[in-house]
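In what follows, chains are A, B, ... by sequence order, proteins preceding strands, each numbered from 1. When reading the values below, keep in mind they use all heavy atoms of this one structure, side chains included, and skip hydrogens, waters and symmetry mates.
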Amino acid sequence: MSKIKFLKPGEDTYTEDRSDVDQISGTSFVYNPHRSLGLEKQRQRLPVFSARSHILHLVETKQTTIIVGETGSGKSTQIPQYLYETGWCADGMVCVCEPRRVACTTLAARVAEEASVMLGKEVGYAVRFDDRTTPGLTQIKFVTEGLLVREMMADPLLRQYCAIMVDEAHERTLYTDTLLGLLKKVLRRRKDLRLLVCSATIDALHLFNFFNSNRTSDPSKDTAAIISIEGRNYPVEMFYLEEPAADYIKSSAETVLKIHKGEGPGDILVFLTGAEEVEACVSLIKEHAASLSRDQGSLLVVGMHGSLTSSEQLRAFQSPPTGVRKVVVATNIAETSVTIPGIVYVVDSGFVKIRWYSAESHNETLMVVPTSQASAIQRSGRAGRVRAGKIFRLYPEEQYDKLSEVTPPEMVRTSLSSAVLCLMALGIENMLRFDFPSPPPARHLTAALDELFSLGALTEEGHLSHPLGERMAEFPLSPHLAKMLLVSGEFGCSEEVVSIVAMLQVQNVFTRPRGQDGQARRAHRKFEVKEGDLLTLLNVYSAYIKHGTSRRWCSQYFLGHRSLARAAEIRTRMEKLLTKFEIPMRSSKDGMDAVCRCITAGLFPNAAYLHPEGHYTTVRGRHTLHIHPSSVLYTQQQPQWVLYHEVLHTSRVLMRDLTVIDPGWLLELAPHFYEKSTLLQIR
DNA sequence: GAGCACTGC
């Protein structure tokens, strides 16, 4: 592997590899001094250009090429063009898969510009709800990983593509692993197909071994190869604490102040684990900053996390007034999803919040864990984008060596019911024998199979049921919600259920602007119904439509207009799928009973009853739960029986999105799951 | 009276 060449500040400048530039960062821009050079000259200045013939040679001779490309190498925009220029597109398109939508749209726009074609013609992209390609004309197509997996349902061998490049594969999302596993099978059937996998140094060898089918000791028979391309990140100097930080929030704030007082100009980025921590740290820094003397310069402190609205997030991208140093306190959102310009110093708490699945309780927990080395490297890289930077890790250096190399892929730590359903729809019969890049625990797989069986998606023999299971797989939803939609015709309430399901897909429906908490609560109360949160969401949606999707009406009732508009979009898609399956769109005339019964038909595994001691207990597994304070039922008299959509682990286990049910419905609608005796015992 | 890392189909 080639050594990374570091550039001295001012020695050279570069065009940005835009693969991880968020749309929001479009408000800022990268100054490009080579603009006047013309696009072709700019392209030749990218580090990847020197590897052009080497890459093309490998693609020619090996079926799989693993590309280790540092940030700023230009791989995502250039390699597809190299393939195109050398005639690879004669027999099919070049496909580039990205984990995120923005990467698809921005990269496609950049490549179209470089190739002097209109976006959507020779160069295009396809993401959910937005297809900008022209069949028969498009040669280079950027897609999200998830969409390519969906495409495989219609075309399992991906015959329209001659080469597939999986970008950012080191992120190892559920879809990355699904795709890599499936592509390995496709490669065996299609010797003409070429696969390029872009990854980080740390897991390149793992991926090489996964794809190399050479079982001899003769390396010339290898079917895969690795190539490294240097990047254009500046050096980052590292600092560690001598002792582990007792309180990393406090320690982060102190470090920020120390940097501000002792280091040269440049903005600071702090990594913490959650929104609450971010807010706490922001106030701490603000407190300290207030006591700074005049000649010490001032600080602009902003928080950055997923639950902020996009206009609130925008504050982190704005450049501070001259002489003011910006401090962005962020969650993991700043590690990959958004790139904040101007960062020179990074403070890394060393922790991250990740999802963890428990097959015993059938649910996912969010837990705070130490980061991996890969993640620590990624975070420190955020300091070296504009010039030489510094990283302050809030733990001792010995501790870094003890960190695991990489974060376990999502596939081994999340619920697999959706992924398994998807794979089965793609013809993978024996899930336990599927070649996953990192095999998930067998008990996670069997739990997923059990869940799918109980929902009726699988037959006794373990095959996908016809037509229910096949249809469920086509919905981009959790299997429970897909089932709910597919049976809604029989309950005569598809109109209502499709609205509920769409509403469950969006966040921030109920807004609570600071200082208007009381007003917001009063406004929200108008939608509340005793049947629970799902029916309340239905009320909100119906009212939104009744008032002509008015933005003014939304703000009057403290509802997120963007979220509702997105729900409407999702609803349209779901309705189209239901129509395709000839599910009649009916509206329930005899009240909400039918709707609640239909909800039960999908969510029945998530039933809980009121324990005499005041908490709730799940029927499956007898786990203790509580009503989430955001639920409309939180302030009501506690119902005897509820179904939840999700659980959330904090200090307690909380149920969200509840529906009040009659336990008799469980016996009636899921007799295979609930025996009369178990329910009688409980009562 | 308590609190939700982040994507994506």
#### Entry: Euclidean distance, atom CZ of residue Arg128(A) to atom P of dT7(B) [Å, nearest integer]
15 Å
### Message
For a quick check under 3.5 Å, do His305(A) and Gln313(A) share a side-chain donor-acceptor pair by atom type?
### Response
no
### Message
Strictly below 4.0 Å: does Thr144(A) bring a side-chain N or O up to OP1 or OP2 of dC9(B)?
### Response
yes
### Task
Remember a base hit wins even if backbone is also touched, and classify Arg379(A) as base, sugar-phosphate or nothing at under 4.0 Å, heavy atoms.
nothing
### Task
Just compare dA2(B), dT7(B), dC9(B) and give me whichever is closest to any side-chain atom of Leu147(A).
dC9(B)
### 5' priority, DNA chain B, between Arg413(A) and Gln505(A) [closest heavy atom]
Arg413(A)
### Message
Distance check needed: dT7(B) P versus Leu179(A) CG, whole Å only.
### Response
20 Å
### Task
Among the candidates dG3(B), dC9(B), dG1(B), find the nucleotide nearest to the side-chain atoms of Leu654(A).
dG3(B)
### Task
Assign each of Asn332(A) and Thr635(A) to its nearest nucleotide of DNA chain B by heavy atoms, then name whichever residue's nucleotide is nearer the 5' end.
Thr635(A)
### Message
Does Tyr634(A) reach a base, just sugar-phosphate, or nothing at all? Heavy atoms under 4.0 Å.
### Response
base
### Message
Using a 4.0 Å heavy-atom cut-off, does His626(A) contact any base of the nucleic acid, only the sugar-phosphate backbone, or nothing at all?
### Response
nothing
### Query
Roughly, in whole Å, what's the span from CG in Leu423(A) to P in dC9(B)?
18 Å
### Task
Rounded to the nearest angstrom, tell me the gap between atom CD in Glu279(A) and atom P in dA2(B).
20 Å
### Phe558(A) ring center within less than 6.0 Å of Phe510(A) ring center
no
### Message
Quick one: does any side-chain atom of Lys483(A) pair with a main-chain N or O of Leu455(A) as donor and acceptor, under 3.5 Å?
### Response
yes
### Task
Return the value, rounded to whole Å, for the distance between atom CG of Leu421(A) and atom P of dC9(B).
18 Å
### Nearest listed nucleotide, side chain of Val127(A), among dA5(B), dG1(B), dC9(B)
dC9(B)
### Message
Side-chain N or O of Arg101(A) versus OP1/OP2 of dC9(B): is the shortest distance under 4.0 Å?
### Response
yes
### Task
Kindly say if Thr331(A) contacts the phosphate of dC6(B), meaning a side-chain N or O under 4.0 Å from OP1 or OP2.
yes
### Summary
Atom CZ of Arg512(A) and atom P of dG3(B) are separated, to the nearest Å, by 14 Å
### Query
Over how many whole Å does the gap from Gln378(A) atom CD to dC6(B) atom C1' extend?
13 Å
### Message
Using whole Å, what does the distance between atom P of nucleotide dG8(B) and atom CZ of Arg573(A) come to?
### Response
16 Å
### Message
Just to be sure I understand the rule, does Thr273(A) reach a base, reach only the sugar-phosphate, or reach nothing, if contact means heavy atoms closer than 4.0 Å?
### Response
sugar-phosphate
### Message
Testing Asp131(A), Thr105(A), Thr106(A), Asp130(A) one by one against Tyr125(A) for a side chain to side chain donor-acceptor pair (under 3.5 Å), which residue passes?
### Response
Asp130(A)
### Query
Considering only side-chain heavy atoms of Arg100(A), which listed nucleotide, dT7(B), dC9(B), dA2(B), is closest?
dT7(B)
### Task
Kindly indicate whether the side chain of Leu179(A), heavy atoms from C-beta on, has any atom under 4.5 Å from the side chain of Cys97(A).
yes
### Summary
Picking from dC6(B), dA2(B), dC9(B), the nucleotide nearest the side-chain atoms of Tyr175(A) would be dC9(B)
### Query
Can you find a pair of side-chain heavy atoms, one from Leu603(A) and one from Asn606(A), that are under 4.5 Å apart?
yes
